[in-house]
Amino acid sequence: MSHTTQPPVKVLFVCLGNICRSPTAHAVFEHCVAAQGLSERIQVDSCGTGDWHIGRAPDRRAIAAAATRGYQLQHLRARQVAPGDFDQFDYILAMDNSNLKDLQAMRPAGFTGHLGLFLAFGGDAEREVPDPYYGGDEGFDHVLDLIEAASGGLLAEIRGAHQR
Ligand code: 4NP
């Protein structure tokens with residue numbers, strides 16, 4: 001059987017507002033997927049646990065920091081996580097422990113995918129992507145460092161687990 005007949009693996013990045021961390025992860029990971037020619041086989045999305053920024057573009061600081069490294073974020077629009085996301089996604093990856101706790105409370109009994117911290121796939125000691133919203137510009141660079149480091153590990157895991 002050909003690989004191309006398999007449904008795509010679907011990955012969802014989740015933070016609080018869906019305007020800083022998870023759209024950054026969305027764009028960076030999508031870039032990694034495309035660079036390996038896997039855009040047809042791995043689909044990427046992001047959302048927030050909160051509803052404050054629904055319909056908005058990412059934070060201008062997140063857009064600017066990502067652009068300095070060649071990632072485009074400005075087309076993304078915030079949405080809130082929904083129960084149906086657990087039917088759709090194979091990997092639901094939280095940016096911090098608070099996001100993870102909120103997601104665990106929503107998790108249906110029948111969910112067979114992976115729900116966990118995104119940085120579990122990174123090689124660093126840091127386990128959470130810190131919320132940069134109330135800090136300075138350097139916080140957005142640090143977010144990018146952590147996300148770039150974990151994206152390679154996540155892609156290797158998916159390729160191994162799903163023969164992508
Ligand atoms: P994010 O950052 O969760 O990385 O998108 C935040 C954005 C907005 C707020 C908090 C965090 N807020 O409180 O509005």
Side-chain angles (χ1 to χ4, degrees), residues 9-35 42-108 111 113-155 157-158:
V9 176
K10 297 185 69 174
V11 179
L12 181 64
F13 295 106
V14 187
C15 63
L16 180 59
N18 194 209
I19 57 168
C20 298
R21 293 166 292 174
S22 63
T24 301
H26 183 158
V28 170
F29 189 64
E30 207 163 57
H31 180 93
C32 294
V33 166
I42 301 175
Q43 286 179 11
V44 187
D45 195 9
S46 63
C47 66
T49 58
D51 63 1
W52 309 286
H53 305 284
I54 291 172
R56 302 244 182 92
D59 187 296
R60 71 183 66 227
R61 298 165 295 171
I63 292 174
T68 67
R69 301 192 193 190
Y71 308 110
Q72 302 302 313
L73 260 62
Q74 59 266 34
H75 61 288
L76 300 173
R77 293 295 177 269
R79 74 169 179 90
Q80 188 174 25
V81 67
D85 286 323
F86 286 88
D87 303 327
Q88 294 288 318
F89 289 92
D90 304 293
Y91 290 82
I92 299 182
L93 300 172
M95 295 296 137
D96 65 30
N97 283 316
S98 169
N99 310 146
L100 182 58
K101 190 161 164 267
D102 289 341
L103 292 164
Q104 281 165 341
M106 293 178 68
R107 176 189 184 135
F111 178 65
H114 175 97
L115 172 62
L117 289 174
F118 176 37
L119 293 194
F121 297 100
D124 285 331
E126 283 179 82
R127 305 306 274 177
E128 301 181 273
V129 183
D131 184 351
Y133 188 66
Y134 293 107
D137 288 345
E138 69 286 353
F140 287 83
D141 260 332
H142 185 53
V143 164
L144 277 159
D145 290 339
L146 294 171
I147 286 171
E148 285 184 332
S151 289
L154 174 61
L155 191 49
E157 144 71 24
I158 292 174

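Counting starts at 1 for both ligands and their atoms, in listed order. Along the sequence shown, residues carry numbers from 1.
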*In Å, rounded to the nearest 0.5 Å, how long is the span from CE of Met95 to CG of Leu16?*
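Taking CE in Met95 and CG in Leu16, the distance rounds to 12.0 Å.
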*Calculate, to the nearest 0.5 Å, the distance between atoms CG and CG belonging to Leu100 and Leu93 respectively.*
9.5 Å
*What pairs meet the side chain to side chain donor-acceptor pair (under 3.5 Å) rule with one or both residues in residues 18-27, with sequence neighbours excluded?*
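For residues 18-27: Asn18-Ser22, Asn18-Ser46, Arg21-Asp96, His26-Ser46.
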*For His114, ring pair (Phe, Tyr, Trp, His ring centres under 6.0 Å) partners two or more places apart*: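 Residues passing ring pair (Phe, Tyr, Trp, His ring centres under 6.0 Å) with His114: Tyr91, Phe121.
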*Residues in side chain to side chain donor-acceptor pair (under 3.5 Å) contact with Arg56, at least two apart in sequence or another chain*: His53
*For Arg107, does the CZ atom have more than 12 heavy-atom neighbours from other residues, nucleotides or ligands under 6.0 Å away?*
yes
Can you produce the list of protein nitrogen or oxygen atoms under 3.5 Å from a nitrogen or oxygen of ligand 1, alongside each distance?
| residue | atom | partner | partner atom | Å |
| --- | --- | --- | --- | --- |
| ligand 1 | 2 (O) | Asp131 | OD1 | 3.3 |
| ligand 1 | 3 (O) | Leu16 | N | 2.9 |
| ligand 1 | 3 (O) | Gly17 | N | 2.8 |
| ligand 1 | 3 (O) | Arg21 | NH2 | 2.9 |
| ligand 1 | 4 (O) | Arg21 | N | 2.8 |
| ligand 1 | 4 (O) | Arg21 | NE | 2.7 |
| ligand 1 | 5 (O) | Gly17 | N | 3.4 |
| ligand 1 | 5 (O) | Asn18 | N | 3.2 |
| ligand 1 | 5 (O) | Ile19 | N | 3.0 |
| ligand 1 | 5 (O) | Cys20 | N | 2.9 |
| ligand 1 | 13 (O) | Tyr134 | OH | 3.4 |
| ligand 1 | 14 (O) | His53 | NE2 | 2.8 |

